[in-house]
Chemist: 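What follows is a single structure, and I will ask about it in a moment.
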Amino acid sequence: MLHGRDAAVRLTEVEAYRGFADPGSHAYRGKTRRNATMFGPPGHLYVYFTYGMHVCANIVCGPEGEPGGVLLRAGEIVEGREAARARRVTSRSDADLARGPGRLGVALGIQLSDDGSRLGELYRLELAPHPVPRFEQGPRTGVSGPGGSDEYPWRFWIPGDPTVSPYKRNTPKRRTP
DNA sequence: CGAAGGATTTTCT
DNA sequence: GAAAATCCTTCGT
């Protein structure tokens with residue numbers, strides 16, 4: 001469970017991104033201003049801006065100097081539903097409040113300026129009393145190239161949970177012709 | 001329910 | 001210039 005700004009989610013879906021050898025990772029081609037947090041010590045929040053409009057959050061994992069993180073893809077809002085709903089005006093159902101990385105970011109009030117924030121301060125992570133009984137594993141969502149193939153099945157989710165985002169395979173995008 | 005297009009910024013070629 | 005760890009609206013089945 002992750003506590004954010006006046007709201008908390010039970011995480012139901014995550015993806016792993018690991019180091020230099022992972023072609024799907026932002027850190028694959030080295031350190032940039034955006035992904036610098038991933039190279040730091042674990043237990044911090046890596047927040048990035050993508051697609052011109054969305055914020056996504058990772059929890060940095062692995063030792064300092066080795067980039068790695070877990071992308072928070074989706075979850076169920078279990079506390080502060082009103083605050084989350086106020087921020088997610090377009091959401092029609094409770095399950096939609098944090099169903100997707102960008103939505104989860106908005107629901108918890110995560111901002112770009114929260115990048116690098118240490119867990120335990122602004123945000124607090126509570127591990128479940130016992131491991132989830134069952135989860136499934138498969139290729140990552142929205143990742144193009146080799147990183148999205150079956151060779152890197154690093155997306156994990158709780159099967160049957162309504163807050164898990166629907167799997168979309170990489171949709172190549174074309175610009176206005 | 002699925003497919004398709006637009007919005008919009010950081011980063012790399 | 002093009003693609004990207006996405007979301008929302010609209011149209012078709």
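Sequence lines set the chain letters: A, B, ... in the order given, protein chains first and strands last, and positions in each chain run from 1.
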Chemist: Is the shortest distance from a Lys or Arg side-chain nitrogen in A:Arg34 or A:Asp115 to a carboxylate oxygen in the other one below 4.0 Å?
Modeler: no
Chemist: What is the distance from NZ of A:Lys31 to P of B:dT11, rounded to the nearest Å?
Modeler: 14 Å
Chemist: Please give, in whole Å, the distance from C:dC8 C1' to A:Met53 CE?
Modeler: 8 Å
Chemist: Just how far is it from atom CG of A:Leu71 to atom CZ of A:Arg140, taken to the nearest 0.5 Å?
Modeler: 9.5 Å
Chemist: Given atom CG of A:Asn58 and atom P of C:dA5, what is their separation to the nearest angstrom?
Modeler: 11 Å
Chemist: Would you say A:His54 reaches C:dC7's phosphate, i.e. side-chain N/O to OP1/OP2 under 4.0 Å?
Modeler: no
Chemist: Examine C:dT6: is either OP1 or OP2 under 4.0 Å from a nitrogen or oxygen in the side chain of A:Arg73? Give yes or no.
Modeler: yes
Chemist: Could you work out, with salt bridge (Lys or Arg N to Asp or Glu O under 4.0 Å) as the rule, every residue matching A:Glu13, not counting sequence neighbours?
Modeler: A:Arg73, A:Arg155
Chemist: Contact class for A:Arg92 (heavy atom, under 4.0 Å): base, sugar-phosphate, or nothing?
Modeler: nothing
Chemist: OP1, OP2 of C:dC8 versus side-chain N and O of A:Thr90: anything below 4.0 Å?
Modeler: yes
Chemist: Counting Watson-Crick and G-U wobble pairs whose two distances are both under 3.5 Å, find the runs of 3 or more in a row that involve DNA chain B.
Modeler: B:1-7 with C:6-12, B:9-12 with C:1-4
Chemist: Whole-Å distance between B:dT11 P and A:Met38 CE?
Modeler: 12 Å
Chemist: Under 4.0 Å from OP1 or OP2 of B:dC12: is there any side-chain N or O of A:Arg34 that close?
Modeler: no
Chemist: Would you mind reading off the distance between A:Glu15 atom CD and C:dA5 atom P, rounded to a whole angstrom?
Modeler: 10 Å
Chemist: When all nucleic acid strands are considered with a 4.0 Å heavy-atom cut-off, which category describes A:Gly24: base, sugar-phosphate, or nothing?
Modeler: base
Chemist: Any side-chain N or O of A:Arg18 below 4.0 angstrom from OP1/OP2 of C:dA5?
Modeler: no
